[in-house]
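In what follows, every heavy atom counts, from backbone to side chain, and hydrogens, waters and symmetry copies are set aside. Proteins come first, then strands; the chains are lettered A, B, ... in the order of their sequence lines, and each starts at number 1.
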Amino acid sequence: MTSTLEQAPPTTPDRRTRVARFLADNGALVGLVVLCVALFIATPDFLTGRNLLNIGIQVSTVAVLAFGVTFVIVAGGIDLSVGSVAALSSMVSGWFFASAGLPGWLALLAGLLTGLLTGVVNGLASAYGRLPSFIATLAMLSVARGLTLVISDGRPIPTSPQVSFLGSDVGPVPVPVIVLVLAALVASFVLNRTVVGRSMYAVGGNPEAARLSGLPVQRILVTVFALSGLFAALAGLLLAGRLDSAQPQAAVGYELDAIAAVVIGGASLAGGVGRISGTVIGALVLVVIRNGLNLLNVTSFWQQVVIGLVIAIAVGFDVLRRRTRTG
Amino acid sequence: MTSTLEQAPPTTPDRRTRVARFLADNGALVGLVVLCVALFIATPDFLTGRNLLNIGIQVSTVAVLAFGVTFVIVAGGIDLSVGSVAALSSMVSGWFFASAGLPGWLALLAGLLTGLLTGVVNGLASAYGRLPSFIATLAMLSVARGLTLVISDGRPIPTSPQVSFLGSDVGPVPVPVIVLVLAALVASFVLNRTVVGRSMYAVGGNPEAARLSGLPVQRILVTVFALSGLFAALAGLLLAGRLDSAQPQAAVGYELDAIAAVVIGGASLAGGVGRISGTVIGALVLVVIRNGLNLLNVTSFWQQVVIGLVIAIAVGFDVLRRRTRTG
Amino acid sequence: MTQQPLLTLERVSKSFGPVTVVSDVTVHVHAGAVQVLLGENGAGKSTLIKMMAGVHQPDGGRVLVDGRPVQLPNVHAAEQLGIATIHQELNLVGSLSVAENVMMGRIPTRFGLVDRRELRARARAALDLIGLDVDVDARVGDLGIARQQLVEIAKALSVDARILVLDEPTAALTRRETENLFRVVAQLRARGVGMVFISHHLDEIAEIGDTVLVLRDGHAVAEVPASTPEDELVRLMVGRSIDEQYPRGTGPVAEGTEVLAVDGLSSAGSFSDISFRVRQGEVLGIAGLVGAGRTELLRAIAGADRYDAGTVTVRGRRLRPGDVGAAVAAGVGHVPEDRKAQGLVLDASVNDNLGYATLASTARMGLVDFAGQRRRAEQVAGTLRIRMHDIDQPVRSLSGGNQQKAVFGRWVIAGSTVLLLDEPTRGVDVGAKVEIYELINAITAGGGAIVMVSSELPEVLGMSDRVLVMRDGRIAGELSAAEATQDAVMTLATRDVAPAQP
Amino acid sequence: ATAGCNRESSADASQPTVVLSLSTLNNPFFVELRDGAQAEADAKGADLQVVDAQNDSATQANQLQTADSASTDAVIVNPVDSDAVGASVTALNGSSIPVVAVDRTVTGADVASFIASDNVAGGKQAADALAAAIGGQGQVIVLQGVAGTSASRDRGQGFAEGIAAYPGITVVAQQTAAFDRATALDVTTNLLQANPGVVGVFAENDEMALGAVQALGDRAGTDVQVAGFDGTTDGIAAVQAGTMVATIAQQPGDLGKLAVDAALAAIAGDEVEATQSVEVVTVTKDNVADFAQ
Ligand SMILES: Nc1ncnc2c1ncn2[C@@H]1O[C@H](COP(=O)(O)OP(=O)(O)OP(=O)(O)O)[C@@H](O)[C@H]1O
Ligand SMILES: Nc1ncnc2c1ncn2[C@@H]1O[C@H](COP(=O)(O)OP(=O)(O)OP(=O)(O)O)[C@@H](O)[C@H]1O
Ligand SMILES: O[C@@H]1[C@H](O)[C@H](O)CO[C@H]1O
Ligand SMILES: [Mg+2]
Ligand SMILES: [Mg+2]
């Protein structure tokens, strides 16, 4: 999308400190901080340990989904299927446990594999079948949701204890928060330290250059979508764990939240740009607004108005900051 | 999105006939024709005059929405707000008629103006505020829906006779079909014949080159989003006319359908490519599948699976055709 | 050279759709030798080397490596056989670092993970080879096009290749970088690397080439030693001789009115306190080394970038900073240095690309003048001899030199009277260059004014009435046409003056 | 059915074809309604074609239009919105295809029969049940359904009217959780931060009530009482387990069954009752055994 227009103006990276660099790379952070300070002033309930843990739990699903989407967007694609894939994965896991009688941990594995598999299908369709990823994953959005409904016959299925564990606490710390942190570390590690991760930036930034440099572009794309499917499955299992059941309508529409988190976090839909830390911030922006509006008991009609404005303003901070810095 | 990867290889258009050119430019047409033939064989109810008119009516809303989105996508942006803007516009129109007592045609005009205005706001935010259009219009998606609920207090509002007329018939011909045809002609005229329309292709293809050629990129972007808002309003009024009421939850999620219609019609989300005839075909693909599956009484869970597969296959035809042609 | 060639393209042909662009051509690449490919824009040089690089597959004929027929289905296959290629167009990822770009596809790993230290070290070594002094951690997108070209070269050099293919590597370079490159080429030759070299700078051919294969319209027309006189090469290439390479005739109108005035223009980090005037009929050349700030200056004048201080005045009217539209309306035309990123909408047709600057001005009631546009485009395409088979073909499918002509042609159609040219003849063949120079003459004869930035010093010297030399963002000196010699310019360009920025 | 073109139906000619247009199937309530209808259709030898409007009035209009042009003998409609469906039903009236409304009414057109439970009354019953459980005292929160749906409007209205009778009870927060369990979990968690003293929750459906139970953890059924609406399998189970204090049981299976009966009667030209209301029962610990399967 209007690549040049909507991309960050080039930064001049010489001799900047690490902190400054982090700030520069994570634009929406300023927006998030402003949002938090505003909520802290507006309501004493916001900055309590308990509420912060709640936010941690609530952000876990969308953030984990969004990690997968980050890979895809960095590589220049889009994944609309993550919400449906999350639902399908948890449903398959639930079905293997409840109806097929598989041991709980195997059922959990089956769920993850389901996500991986749907991701591979997305990847094959877009890398080898040459479908635009928007179309390939839109098709999967519909197919995966349909299969979820077929498997469940539209009814929730109870989940295995292993999945339910994902929704519980270890001591004072909620498991979703632990999973979130681990997933962020893994995703960030893959993106920054592995060859395939670095290659994603090349494929998204300039696919022609990537190809002419001998990168296996198609295999990288399949990996990217496979990872997205895997993270979607993990998100789906987290959600099922929290609800103690796999819901047929779980995560409907979450793809938009996940993509929004990635873009708020500074990634460009044109590809080649994006970081996991940014995605975490983007997801937090979305969750903190909703949490705050609930705390403030803003009526539900006005909530939507406010959510929209806050998203625009949070990203606006980033734009403003970049513009003043580069003159 | 992976611009080079997902784009059509360049075409060699020498001395092709107009028909061949039309076919080449409207890839999904083959998919649509195959789909229709299959349905014709499968059920006698498909190819009746009555059902074809129904399809015409059913396609009108999503096609008109998608015309507006075509401008935006050609110019390299995206518009997620069209569904909400459609709802808001019809609601404002309904409110002016029912609560403010404006004459029906003025109320209709107020609805169109509402769409135009929200579009201008989207355009300003993305052209001058430098928000990625994904974010600007995502914010508007939320704000416009919220305002719709606020205005209506969550209740449907009856519409003016002028709006209801949009849902009626003139002799044997449904008004939505007439509006659809007129809207397609206007949109196609704007895109192909006017300076601003041709400029959209340049802006979407390479915004920097467009700017350095002296094209007023920012003003063009504002126009693009304004047109999108206007067409969304028209779609909203059509919908309200068909339902004889402005619904607070009207057109939820239609943005994805509209974008899908544009992309199935051959446009690239990377910008610079797209045509109104393609969008019509894309919208027809979506509507014909749903109509056909209803006629065939495919159970609703499986329907979603089939819809996904058909979308992928319809676009796959296009990809296949292009690949064999260019070797 | 009786030994077996490292690489042979044997009677290869290639067509795109109905158009045959290479037909029955044989090329040999020998160890320790530089095979030059010469031909007009669109003659098929790049297409030929893409068949060596595994980008295109020949429709007819064979590729032989060490005498054995091979298949090169993709770039990777070519690399495996030790073939490294510098393509004519830049192939870099702007959002990645210099180091990652240099090592792309060959990122060093330790325990399966990116070995950053090794990555930087190897990239550094490759950059040192050609004498490019940039931070290996800098984003490539932040570099100017000349430095990007050097990164591209370093990328190919860092491969331990047996065969190195260089498609117009010097087009974006000044003499100094070119010399560095040739030094490396000489070293590689000594080590037995076989090379293919393409350039439109004929003087470079004798300097580093061994044999020259001349192509015309996709056919091989002659194979001659690189020592062949330039005139003869030109004749072989274009089928006629060129009387005068730089046909700059009359200078500026003596008392011509001032057309462009730049006063105290400054932009932090790019250039500082630039003032000059250009009169009717004048060609002002701007010379300088890579990174001297010439491009930024030109962009600021054209309205492409904002600036911090100073004014730009065209025929007495001050131009609003950062407003290209206003500049265009005032008769300013700007040929940017990077045709692919800044000049062209690659997927749009040649016709459309030629018409963008005149889209609005030729419209009636907001409607596009299609017939007139096509007429104008066909005419200018003829004048500039843009080689294509259809004016509606996407500009992406034109050869590099012809793309460059399309950017120039846009402003010819617009009738611009103040042309800001940034490397206007990059990649353009000798014949077509003369056409461009003739157009420059026509514009100045009609009372227009030209500012020309070029890294090709002979071009600056041959076509300018006056030369400004920039160094570190400042004007280091001004030379009249008579004073301007290669030495005088280089002295100013490299003399130590206080840098613009602390 | 007035298509006039060809009338050869794919189904057995003796088998009447009934189209059931549901507002959504992404909700156990409607799944149970469908199952009730399907079982009855099978028993009576009718061909039931189920379509899912996915909570979108326009999709429903499209589907009803499609039904009108196909070989349909009767239509059962569960409107996404009562007003919006009027035009489509009018068209069916014009084609003389009998229409039965189920769960939500149709305004502005004729229906052979309307089969439903009274959502406003149900809302009042929920208020009474919740008030009884918390002793007529304390703060409560309300989880609203999808904004703008008639079910949410009517239940909210009924609850507000009902709770007004208890001056000791204050509604401290009303927030939408979109009829969705996961959303309700987050929203309830958040509301509890701002309102730690809450003793009761009314959710406009069971899915949201179950989300609230999840958010409350141990406090559900002890410190805080949760009342839901629908009487879904999970909801009934929660009442049995004591985590929910009450659910207002509609009997979706019965709704479906009666709707099919009414449609078949209308096809046969028999007399059909204009409105049939299905009992809305307040299910609490006391009577839950009658509802549990
Ligand atoms: N993908 C393509 N589709 C159609 N025509 C093409 C394509 N690629 C190249 N051509 C045509 O092939 C011809 C040869 O192009 P090529 O790039 O090989 O020229 P070149 O000799 O390298 O020219 P230059 O000196 O300008 O770089 C040109 O006329 C060009 O338009
Ligand atoms: N070694 C260096 N590292 C980083 N920046 C540099 C260096 N040398 C010069 N620059 C900056 O680069 C900018 C010059 O831009 P640019 O390279 O486009 O100039 P140019 O004269 O047009 O050269 P080119 O031939 O590359 O177009 C100036 O702002 C200058 O301060
Ligand atoms: O009656 C139904 C159910 O309560 C469902 O949970 C939401 O929609 C209503 O119409
Ligand atoms: Mg070339
Ligand atoms: Mg330059």
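- For A:A136, no part sits under 4.5 Å from any heavy atom of chain B, backbone or side chain.
- B:A260 touches chain A through backbone and side chain together, each having a heavy atom under 4.5 Å away.
- Here B:G308 is the residue among B:G272, B:G308, B:G253 with the most heavy-atom pairs under 4.5 Å with chain A.
- When all heavy atoms of A:A312 and B:I135 are compared, the closest pair comes out as CA-CG2, 4.5 Å.
- For a residue to count as touching a neighbouring chain, one of its non-hydrogen atoms must lie under 4.5 Å from one of that chain's; by this rule A:L138 touches chain B with the side chain only.
- Ranked by non-hydrogen atom pairs under 4.5 Å with chain B, the options A:I311, A:I307, A:V306, A:V263 are led by A:V263.
- Shown here is A:R155, whose CZ atom has more than 12 heavy atoms of other residues, nucleotides or ligands within 6.0 Å.
- Residues B:L131 and A:G316 share a closest heavy-atom pair of CD2-N, 3.7 Å.
- The distance from the CG atom of A:L149 to the CH2 atom of B:W302 is 11.0 Å, given to the nearest 0.5 Å.
- Nearest heavy atom pair, residue B:G146 against residue A:Q304, reads CA-CB, 3.7 Å.
- The contact between B:I259 and chain A is made by backbone and side chain atoms together, counting heavy-atom distances below 4.5 Å.
- By the 4.5 Å heavy-atom criterion applied to side chains, A:L141 and B:L256 are counted as neighbours.
- Most heavy-atom pairs under 4.5 Å with chain B, from the set A:T299, A:D153, A:T148, A:I313: that is A:D153.
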